[in-house]
Structure formats: C-alpha cells, structure tokens
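Taking it in order: structure first as structure tokens, then the write-up.
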Amino acid sequence: MGKSKRALSTEQIHHPYRAPEGWAAIPVGVYKASTVLFKSTADLHTPRPRDGLSYRYGLHGTPTSYTLAARIASLEGAEHCLLAPSGLAAVTLVSLGLLRPGDEVLVPDNVYGQNRYLSESFLPQFGITHRFYDPLDAAGFAELLGPQTKLVWLEAAGSITLEFPDLVGLLQACKAHGVISALDNTWGSGVAFNPFEIAPGLGVDISMQALTKYASGGADILMGSVCTRDRALHERLNYTHEHLGYGLGQNDVELVLRGLPTLELRYRAQDATTRALARWMAARPEVARVLHPALPGSPGHEFWTQTSSAGAACLFSAVFKPEYSAAQVDAFVDALQLFGIGYSWAGPMSLAVPYDMSRSRALDLPYEGGVIVRFALGLEAEADLRADIEQALSVLRA
Ligand SMILES: *Cc1c(COP(=O)(O)O)cnc(C)c1O
C-alpha cells in the first residue's frame with residue numbers, strides 16, 4: 001500500500017485493499033448497496049433473469065436480504081419468498097399482483113383491518129370487487145365462489161376477534177374451484193402450523209406474514225414476507241414486486257435475521273403466558289367471554305384443534321359484560337401499568353387496545369357482549385401481568 005498519487009477522496013473510494021478470505025462467524029454480513037457493480041460491459045449486457053434471485057440493483061436484493069428470504073421460506077415450509085417493507089405492503093403485493101379489472105377477491109369478515117380497507121376502498125379504483133365471507137362457514141363460502149373470483153384471503157386466527165377459520169373446508173372449496181388462496185399467517189408465524197400442509201395434500205398457495213411481529217420480536221422493525229411453493233406464482237408476484245419498488249433497509253433486514261433464532265422460543269413462551277392469562281380472565285366476573293382459539297367455546301376452537309400443532313399466538317380478546325360502558329373500559333385500559341396502549345404485537349412489551357367491533361364487521365358477530373379489549377402479551381412475567389390486570393379491574397368496577 002504505497003504512497004498514492006491520487007487525491008485523498010479518490011483514493012478513499014478506489015483503495016485497493018480487500019479483506020482476506022476466511023472470515024467465519026454466526027451472523028450474516030450486512031451488505032448495503034444502491035449500485036451493484038458489474039464486472040464489465042459484457043457482464044452488464046448479459047441478461048439476468050428477473051426472478052428475484054440475481055443481483056442487478058440494490059433495490060432487488062442483496063446477499064443479506066436473500067438470506068432472510070431463504071430463512072423465511074424455510075420457516076413457512078415454502079420454496080420462494082419475497083420481502084416487503086411492511087406487512088401491509090406484503091398484503092398489497094399479493095392483491096395487486098394477482099387481481100385485474102373485473103376480478104373479485106373474497107376476504108374473511110375478520111381480516112386484518114388494513115386488508116379490509118384495501119379491498120373496500122383502494123382496489124375498486126382498478127375495477128376489482130370484493131365480498132366478505134364468514135370464515136367459520138365453509139359451505140356458505142363455497143357458494144360465493146364464482147368465475148370472477150381470482151383470489152381468496154384467509155387469516156388464522158382472525159384479527160381482534162380471533163375466530164379460527166375452517167381452514168380445511170375453505171381450502172377444499174378453493175381447490176375444487178381452482179382459485180388461488182393467500183393466508184395472512186402473521187398469527188401462526190410459521191410456528192403454530194405449516195400453512196402449506198394444513199391437511200395431507202392440502203395447503204395454501206401463498207403464505208404472507210408481517211415480520212413486524214414475531215420475526216422481529218423487538219417492536220422496532222416494519223417488514224413483510226410473501227412465500228410460495230410454486231415457481232410460476234412466485235415469478236408473477238415478483239413482477240409486481242419489481243414495479244412497486246419495494247426496497248428494504250439492510251440494517252432492518254439484519255435485525256430480523258437476528259430475531260429468527262429465538263422466534264420459536266419466544267412464540268412458545270408468549271403462548272404459555274397468554275393461555276394462562278386468557279383462562280384466568282375468562283373466569284373473571286367482569287368478563288362475558290374471552291376469545292382465544294385454544295379456549296373451548298371460543299369461535300373456531302374445534303378447527304384450531306384439527307389443524308394446528310397446538311400452538312397459538314400471544315393474543316386474546318376479552319369481551320366485557322354489557323353493563324360496562326366504553327368509557328369504563330377505557331378507564332380500565334388507562335389504569336393498566338404494564339400494558340402499553342398501541343398497535344402491533346409480539347414485541348417485548350404487553351399491549352392492550354379497546355375496540356368497538358360494530359364498526360369493523362359486515363356480518364353478524366359470533367358473540368354477544370360489550371366492549372372488546374385485545375391483549376397482546378409481551379415477555380413480562382405472567383404473575384406481574386395478572387396483578388396489573390387485577391388492580392385495573394378494580395378501577396373498572398369503581
Ligand atoms: C400487523 C399485521 C399486518 C401488517 O403489518 P405491518 O408491518 O404493521 O404493516 C398484517 N396482518 C396482520 C394479521 C397483522 O397483525
């Protein structure tokens with residue numbers, strides 16, 4: 001490394017030193033780039049398949065993001081994976097990628113709220129219609145499938161009210177009709193069940209996740225994934241992925257990679273705390289009903305026992321008795337000390353959010369009752385969380 005005749009800045013950019021080979025460590029390197037360098041003009045002119053697997057430009061992927069995509073694909077039991085800058089961006093990728101003017105999408109009535117708004121207010125601009133279905137009624141669902149139905153969204157368990165769908169019945173109907181099924185698998189996260197093997201020979205075509213939740217685990221990252229087993233379907237989605245310009249910050253990718261080794265441990269630990277608290281809460285006199293797929297009597301409990309490997313996410317919802325007003329339930333949530341008030345879940349801190357479901361469901365609700373509070377359990381000790389809920393319930397009764 002002799003004395004250079006070039007200017008200092010030029011030398012800093014073109015310095016010949018390269019790190020020696022032989023580095024071995026557990027984490028994947030964080031490769032960042034907008035520009036990806038070609039070896040020569042011949043290399044530049046050589047066509048590269050637009051399959052989401054080669055390097056052309058930082059936007060389309062780096063060794064770091066391809067590593068994450070490969071690990072998410074294996075987590076989901078899939079072959080291919082596309083990453084998106086948020087869970088919602090992953091939802092949008094699937095719907096925009098597969099639907100064309102004149103097509104219809106079927107959406108479960110308890111679908112994640114932003115997927116509902118996408119179907120209700122954004123997709124109609126492109127001449128795409130939607131209908132809501134009851135995820136517990138596979139026979140009624142089958143009757144809705146028509147020639148214009150090109151995509152079916154599934155969610156297990158559904159958002160906020162946590163009904164577990166009749167996945168087997170719904171997927172059999174999709175298969176008989178030849179329509180593409182896409183599961184929002186954020187709740188199952190690849191741990192609770194394999195979405196591509198719900199029953200022998202029966203699985204979804206697409207599994208999408210908000211990596212924002214369990215994969216990250218830190219309440220600090222927004223990211224999403226779209227997994228498939230089918231190469232042609234993956235390439236169709238990748239075509240849209242490229243046009244939407246979905247880029248990812250590689251430091252965020254690194255943090256999600258860092259969350260993956262502990263994903264299953266966190267999932268199971270949070271599951272255990274959640275079930276214990278859900279059962280305790282169900283016995284409280286202030287509560288009409290607790291919604292959690294593992295609790296007998298919770299909507300879709302029997303479908304959950306059929307299809308899962310007995311895992312459940314860190315969410316339960318309490319339906320308060322009708323004598324408690326929305327204002328009283330708000331006061332209960334405000335009185336909680338350890339539960340933050342805010343969206344998202346599967347991070348370290350427990351959260352509680354009150355919901356008025358009458359405004360976010362088109363079909364009849366499968367339960368009666370008053371205001372709902374959705375609890376998302378974090379990683380605090382169960383006894384501390386229970387004591388906190390107990391003291392806040394005394395505020396509710398006051
Ligand atoms: C959070 C969530 C999303 C969206 O993820 P974002 O990264 O917040 O956009 C989608 N589906 C489900 C079920 C979710 O819980």
Side-chain angles (χ1 to χ4, degrees), residues 84-101 103-138 140-141 144-146 148-167 170 174 179-188 195 204 206-213 222 224-226 240 244 291 293 299-300 313 315 317 319 342-345 351 353-367 371-374 376:
S86 68
L88 176 57
V91 170
T92 306
L93 171 63
V94 173
S95 284
L96 283 185
L98 300 178
L99 295 166
R100 297 291 172 267
D103 291 349
E104 180 184 71
V105 55
L106 293 187
V107 181
D109 195 36
N110 56 1
V111 78
Y112 173 65
Q114 294 294 332
N115 192 346
R116 182 181 201 92
Y117 305 139
L118 179 81
S119 306
E120 278 180 334
S121 57
F122 190 75
L123 296 180
Q125 298 176 100
F126 305 98
I128 297 160
T129 58
H130 67 279
R131 274 191 287 173
F132 295 111
Y133 69 89
D134 175 354
L136 302 173
D137 176 11
F141 165 78
L144 297 177
L145 294 167
Q148 71 287 6
T149 315
K150 293 292 158 54
L151 176 66
V152 170
W153 273 103
L154 305 156
E155 194 172 315
S159 279
I160 305 164
T161 41
L162 297 162
E163 300 89 348
F164 201 90
D166 179 1
L167 281 179
L170 297 170
C174 288
V179 60
I180 296 173
S181 56
L183 172 72
D184 183 331
N185 195 28
T186 306
W187 185 92
V204 300
I206 296 167
S207 181
M208 162 267 141
Q209 268 197 50
L211 303 179
T212 306
K213 309 290 162 57
L222 293 155
S225 59
V226 176
T240 303
L244 292 175
L291 305 169
L315 301 171
S317 290
V319 185
Y343 297 111
S344 199
W345 44 280
L351 303 169
V353 177
Y355 286 92
D356 174 3
M357 298 316 297
S358 60
R359 283 183 294 150
S360 50
R361 293 288 186 267
L363 310 176
D364 286 343
L365 296 167
Y367 56 84
V371 183
I372 282 191
V373 174
R374 188 188 71 182

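Since this is a predicted model, take the numbers as computed values, not measurements.
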What verdict does the side-chain contact (heavy atoms from CB on, under 4.5 Å) test give for V179 and L106, after you've listed the backbone C-alpha separation in whole Å, the side-chain angles of each residue and the deciding distance to 0.1 Å? CA-CA 10 Å; V179 60; L106 293 187; over 6 Å; no

Would you call L151 and D103 a side-chain contact if the rule is heavy atoms closer than 4.5 Å? no

Hits for side chain to side chain donor-acceptor pair (under 3.5 Å) against S119, two or more places apart or cross-chain, chain-then-number order -> none

All heavy atoms of R374 vs all of S344, minimum pair found to be NH2-O, 4.0 Å

How far apart are the C-alpha atoms of I206 and V226, what are their side-chain angles, what is the distance that settles it, and do they pass the side-chain contact (heavy atoms from CB on, under 4.5 Å) test? CA-CA 7 Å; I206 296 167; V226 176; 3.7 Å; yes

Identify, with sequence neighbours excluded, every residue that meets ring pair (Phe, Tyr, Trp, His ring centres under 6.0 Å) alongside Y112. none

Any side-chain heavy atom of C174 within less than 4.5 Å of one from F141? yes

Can you find a heavy atom in the side chain of Y133 that is under 4.5 Å from one in the side chain of V111? no

Any residue meeting ring pair (Phe, Tyr, Trp, His ring centres under 6.0 Å) with W153, in chain and number order, not counting sequence neighbours: none

Under the side-chain contact (heavy atoms from CB on, under 4.5 Å) rule, what do K150 and L98 come out as? Steps first, then yes or no, please. CA-CA 8 Å; K150 293 292 158 54; L98 300 178; over 6 Å; no

List for me each residue that meets side chain to side chain donor-acceptor pair (under 3.5 Å) alongside S317, sequence neighbours excluded, and say none if there are none. none

Nearest heavy-atom contact between A376 and L315 is CB-CD2, 3.6 Å

Starting from the C-alpha separation in whole Å, work towards a yes-or-no answer on side-chain contact (heavy atoms from CB on, under 4.5 Å) for Y355 and T161. CA-CA 10 Å; Y355 286 92; T161 41; over 6 Å; no

By side chain to side chain donor-acceptor pair (under 3.5 Å), N115 pairs with (sequence neighbours left out) none

Contact between L96 and L123 at the side-chain level, heavy atoms closer than 4.5 Å - yes or no? yes

Quick one: side chain to side chain donor-acceptor pair (under 3.5 Å) partners of D184, sequence neighbours excluded? T186

